[in-house]
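Predicted model only: the values in this text are computed from it and were never measured.
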Amino acid sequence: MAGNERRPGMRAVLAQPDFRRLWTARTVSQWGDIFSFVALAILIYRLTGSGLGVAGVVVAEIVPVLLLAPIAGVVVDRLPRVQVMVAADVLRAALAGVLVVWHDDPLVVYAVAFGLSAGAAFFNPAANSVLPSVVTDREIVAANSAVWTAAVLSQVVLAPLAGGVVALVGPGWAFGVNAASFLVSALALRGLRLVEPPGEVGRRRLLADARDGVALVGRDRLLRALAIGQLLAALSAGATSALLVVLAAEHLRAPADAYGILVGAIGVGAALGPTLLLRLIPDPRRPLYVFGPYVLRGLVDLVLASVRSLPFAAAALAVYGVGTSTGAVTFNSLLQSHVTDRTRGRVFALMDLLWQTGRLASLGVGGLLADTVGIRAVYYLGGLLLLLAAAVGFAASRTPAASHEADPPNPN
C-alpha cells in the first residue's frame with residue numbers, strides 16, 4: 001500500500017450493516033458493563049464494608065479467564081462464532097437478572113461476577129475473531145478504532161451516570177440495565193450473517209487444540225513478542241491503574257476530587273487516540289506502532305513517580321490515554337491480520353489469559369510494594385516494565401513479520 005494512501009475512516013466502516021451490527025452489540029453491551037461495574041463496586045462495599053471485599057470482586061472477574069481462556073479459544077475456533085457470542089450474551093443476561101432481585105448476599109454477588117466474566121471469556125475472543133470477517137483488510141484498523149472509541153466515550157459519559165443511578169434508586173436498576181444490554185446485543189448479533197463452516201468440539205481434540213494454539217504463539221516470533229509485551233504491560237498496568245487513587249493522595253497531595261480529574265484525563269486521551277491514529281498513519285499495523293505506545297506509557301509512569309504537580313500529572317495521563325488506545329487498536333489489528341481465521345480465537349484467548357494473569361500478579365505485588373516501599377516505587381517499576389515490553393517488541397520486529405507458516409495443522 002502506498003505510504004500516502006489513506007485508509008477508510010470510522011464513518012465508512014459504520015456505514016456497513018454487518019459491521020454496524022457487531023459494533024452495536026459490543027457498544028450496547030459495554031454500556032451495561034459500565035453500569036454493572038459501578039454497581040458491583042458500590043454494592044459489595046456496602047455489604048462488606050472493606051476494601052478487601054471490593055478486591056474480591058476483581059478476583060472473581062479474573063479467575064474465570066484464567067480457568068476458561070484455553071477452552072474458550074478452541075470453542076471460538078471450532079464452533080460458529082456468532083452463535084458463541086449469542087449464547088454468551090443470553091447467559092450473562094440471565095445472570096445479571098439474578099442481581100436485579102437478589103443482591104443482598106455477598107456470595108451471590110461474587111458468584112454472578114464470576115459467571116459474567118466466564119461469559120466474557122468466550123464472547124471477547126469470538127468478537128475479535130469475527131471482526132475481520134465483516135470488514136475488508138484495509139478497514140480493520142478503522143473498525144477497531146470505532147469499537148475502542150465507543151467504549152472509551154461510553155465509560156467517560158456513563159460511569160458518573162451509573163453512580164447516580166445506584167445512589168438514587170439502588171443497584172437493582174443498574175443490573176437491570178446490564179441484563180437488557182446483553183439481550184439487545186444478542187438480538188443485534190442474530191442478524192449478523194457470516195459464512196462460517198460448521199465445526200465441532202470433541203473432548204479428545206479440546207486439549208490438543210488448546211496446546212496447538214500455545215505452540216503457535218511460541219513458534220511465531222512476532223506473536224511471541226506480542227505475548228511477552230502483553231504480559232509485561234499487564235504486570236505494569238494492573239497496579240498503576242488500581243493505585244492511581246493512592247498516587248493522587250500520597251504523592252501529589254491532591255484534594256479528594258483530584259482522582260476523578262486524573263481518570264478523566266486518561267479518558268480524554270484515550271478517546272482522541274484512534275482518531276489521531278487514522279489521520280496521521282496510513283497503515284499502523286506494524287510492530288513500531290504496537291510497541292511504540294509502550295514507550296510512551298512507560299515514560300509517563302516514570303514522570304508520574306517524579307513530579308508533584310497535579311496539572312502536569314493530568315496532562316501526562318492524557319498522553320498515557322493516547323498510548324493506551326492507539327496501542328490497543330494496533331495490537332488487535334496486527335493480530336487479526338497476522339493470524340489465520342482458524343486459529344484466531346485461540347490466539348486472542350491466550351492474550352486475554354496473559355493479560356489477566358499479569359493483572360492479578362500486579363495487583364498483589366503492587367499493593368505490597370506501595371505499603372512497604374511507597375507508591376512511587378510502583379510507578380517506577382511499572383514504567384520500567386513497559387519500556388522492557390517495548391524493547392522485546394522492537395527486537396522481534398527486526399525480522400520480517402510475516403507468514404502464517406507456524407499455524408498448527410488443520411484437525412479437519
Side-chain angles (χ1 to χ4, degrees), residues 16 18-19 21-22 25-26 65 67-89 119-141 143-144 147 189-190 192-227 230 285 287 290 329-355 396 400-412:
Q16 301 178 29
D18 282 343
F19 175 72
R21 283 186 176 276
L22 179 62
R26 298 191 68 172
V65 180
L67 296 176
L68 297 175
I71 298 173
V74 176
V75 171
V76 167
D77 283 338
R78 301 285 285 158
L79 294 180
R81 289 164 179 162
V82 172
Q83 293 182 21
V84 172
M85 288 189 287
V86 170
D89 273 339
F122 288 86
F123 184 95
N124 292 337
N128 282 319
S129 299
V130 158
L131 187 142
S133 300
V134 297
V135 297
T136 66
D137 183 71
R138 293 182 65 250
E139 296 167 333
I140 285 177
V141 175
N144 281 305
V147 170
L189 290 170
R190 281 182 62 84
L192 187 60
R193 297 290 180 258
L194 300 179
V195 178
E196 292 189 306
E200 61 181 67
V201 180
R203 285 183 296 178
R204 293 183 179 180
R205 288 296 314 172
L206 194 62
L207 294 179
D209 284 353
R211 287 194 298 269
D212 285 344
V214 175
L216 165 62
V217 174
R219 288 192 300 267
D220 187 295
R221 185 168 184 176
L222 176 59
L223 293 181
R224 189 166 64 246
L226 290 170
Q230 180 85 327
R285 290 178 296 178
V290 175
V329 169
T330 54
F331 183 92
N332 284 343
S333 299
L334 181 57
L335 273 183
Q336 288 160 344
S337 300
H338 184 73
V339 181
T340 60
D341 182 69
R342 61 190 175 86
T343 58
R344 200 173 285 139
R346 278 168 283 177
V347 171
F348 271 103
L350 179 59
M351 295 300 175
D352 287 345
L353 174 64
L354 292 172
W355 177 261
S403 66
H404 304 289
E405 293 178 358
D407 283 347
N410 189 341
N412 290 327

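Remark: Asp341 engages Arg344 in a salt bridge, criterion side-chain N to carboxylate O under 4.0 Å. A salt bridge between Arg342 and Asp77 is absent, with no side-chain N of the basic residue lying under 4.0 Å from a carboxylate O of the acidic one.
Atom CG of Asp220 is separated from atom OG1 of Thr343 by 9.5 Å, given to the nearest 0.5 angstrom. Taking CZ from Arg26 and CG from Leu189, the interatomic distance works out to 10.0 Å, rounded to the nearest 0.5 Å. Met351 contributes atom CE, which lies 15.0 Å from atom CG of Asn124 (distance to the nearest 0.5 angstrom). Atom CZ of residue Arg21 and atom CZ of residue Arg190 lie 11.0 Å apart, to the nearest 0.5 angstrom. From Phe331, atom CZ reaches atom CG of Asn128 across 9.5 Å, with rounding to the nearest 0.5 Å. Between atom CG of residue Leu222 and atom CG of residue Leu334 there is a gap of 5.0 Å, rounded to the nearest 0.5 Å.
A donor-acceptor contact closer than 3.5 angstrom is absent between the side chains of Gln336 and Ser333. Side-chain atoms of Arg285 and Ser337 include a donor-acceptor pair closer than 3.5 Å.
Minimum heavy-atom separation, Ala69 to Ala349: O-CB, 3.2 Å. In terms of heavy-atom proximity, Leu22 sits nearest to Ala127 at CD2-O, 4.4 Å. Of all the heavy atoms in Phe19 and Leu131, the pair that sits closest is CE1-CD1, 4.1 Å. Pairing each heavy atom of Gly345 with each of Pro125, the nearest pair is O-CB, 3.8 Å. When all heavy atoms of Arg346 and Val74 are compared, the pair lying nearest together is CG-N, 3.7 Å.
Between Asp89 and Phe123 the shortest side-chain heavy-atom distance falls below 4.5 Å. No side-chain heavy atom of Val339 sits less than 4.5 Å from a side-chain heavy atom of Phe348. Residues Val135 and Asp18 have side chains not in contact (no heavy-atom distance under 4.5 Å, counting atoms from C-beta outward). Here the side chains of Ile71 and Val75 are in contact, with some heavy-atom distance below 4.5 Å.
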Q) Between Val130 and Val76, is a side-chain contact (heavy atoms from CB on, under 4.5 Å) present by the stated rule, with each step listed? A) CA-CA 10 Å; Val130 158; Val76 167; over 6 Å; no

Q: I would like to know whether Leu226 and Val347 meet side-chain contact (heavy atoms from CB on, under 4.5 Å); could you show each step before the answer?
A: CA-CA 11 Å; Leu226 290 170; Val347 171; over 6 Å; no

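Residue Arg224 places its CZ atom among more than 12 non-hydrogen atoms of other residues, nucleotides or ligands, all under 6.0 Å distant.
At least one donor-acceptor pair closer than 3.5 Å links the side chain of Asn144 to the backbone N or O of Ile140. Distance alone, capped at 3.5 Å, places no donor-acceptor pair between the Gln83 side chain and the Pro80 backbone.
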